[in-house]
Amino acid sequence: MSSDTPPTTLTVFFGFQRIAQGSKAEVLDQLRRRDDPGPYLVFDDQTGTQLDLDLRELLPELRDHEAEHRDDAPRGVGRPKLGVVAREVTLLPRHWDWLGRQPGGASVALRKLVDDARRVNAERDTVRAAHEATYRFMTAIAGNLPGFEEATRALFAGEEQRFGNLIEPWPADVRAHLQKLSAAGWPSQ
């Protein structure tokens, strides 16, 4: 995880009720203490993606077993301790030629280009990410609720007030989580 990536938090729903929220370890602990059998809907708060959690995960006997086998993992290419990950990039010969002429070589030039693009497009990327996370969560939990299609249109049209009005009759915990996920996706006032 890079230093500018916030830690992942999860939110768990049982039906339309939010029953747990926090880090993966905190959520697993909260769910293990519940008496109901589920099913639980677990969502990543950054992406709105629905996740599968194994409630047996992070139990003491499993942690010990994982620790025994952690050193057996093969080392990857790159500098994993620094967070450097090697992946394939396909470019045309003229692109490789240009990258090869840059100070520091292709890797340094690509990192600079990506950092510049991230800086220039930061606001647009934030809005897009908020819309996508909201849509993923909304589709998974509220796809059958009245006004879903219109709420989706309002979300992607950037119509905050209309979106709020359309989700107003929805269950309180679902509505609150939608407002949290979508907050970064509305134009600054």
Start with the C-alpha gap between I167 and Q179, add the side-chain angles, then the distance that decides, and say whether side chain to side chain contact (heavy atoms under 4.5 Å, CB included) holds.
-> CA-CA 9 Å; I167 66 170; Q179 290 166 338; 4.2 Å; yes
Take D116 and R119 through the test salt bridge (charged side-chain N to carboxylate O under 4.0 Å, His left out) and record every step on the way to the result.
-> CA-CA 5 Å; D116 288 346; R119 190 173 36 260; 2.3 Å; yes
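Distance OG1/T134 to NE2/H177: 8.5 Å, rounded to 0.5 Å. Here CG of L178 is found 6.0 Å from CH2 of W170. Values are rounded to the nearest 0.5 Å. Taking OG1 of T139 as the start and CZ of F137 as the end, the distance is 10.5 Å to the nearest 0.5 Å. Between the CD1 atom in I19 and the CG atom in D173 there is a gap of 10.5 Å [rounded to 0.5 Å]. A distance of 12.0 Å separates CZ in F43 from CZ in R136, rounded to the nearest 0.5 Å. In this structure, CD on E160 lies 7.0 Å from OG on S182, to the nearest 0.5 angstrom.
Of all heavy-atom pairs spanning R18 and A176, the tightest one is NH1-CB, 4.4 Å. Of all heavy-atom pairs between A142 and V174, the closest is CB-CG1, 4.5 Å. Counting all heavy atoms, side chain and backbone alike, A109 lies closest to L99 at CB-CD2, 3.6 Å. Considering every non-hydrogen atom in both K24 and L53, the closest pair reads CE-CD2, 3.8 Å. When all heavy atoms of W98 and L113 are compared, the closest pair comes out as CZ3-CD1, 4.0 Å. Looking at every heavy atom in both residues, I141 comes nearest to G15 through CD1-O, 3.6 Å.
A chain of hydrophobic side-chain contacts below 4.5 Å, direct or via other Ile, Leu, Val, Met, Phe, Trp or Tyr residues, connects L31 to L51. Neither M138 nor L166 shares a network with the other; the hydrophobic side chains, linked directly or stepwise wherever heavy atoms of I, L, V, M, F, W or Y lie under 4.5 Å apart, form separate groups for each. Hydrophobic clustering, with ILVMFWY side chains joined whenever heavy atoms are under 4.5 angstrom apart, keeps W96 apart from V108.
Here the side chains of L145 and P171 are in contact, with some heavy-atom distance below 4.5 Å.
Judged by distance alone, the side chains of D44 and T49 never bring a donor and an acceptor atom under 3.5 Å apart.
Ion pair R153/E159 not flagged as a salt bridge, since none of the NZ, NE, NH1 or NH2 atoms sits closer than 4.0 Å to an Asp/Glu carboxylate oxygen. Ionic pairing of E132 and R128 is present here: one or more N-O contacts between side-chain nitrogen and carboxylate oxygen are shorter than 4.0 angstrom.
Proximity of a side-chain donor or acceptor of E26 to a complementary backbone N or O of Q21 within less than 3.5 Å is not detected. A donor-acceptor contact shorter than 3.5 Å is absent between the side chain of W186 and the backbone of V127.
Screening T152, T126, L155 for a side-chain contact (heavy atoms from CB on, under 4.5 Å) involving H131 leaves a single residue, L155.
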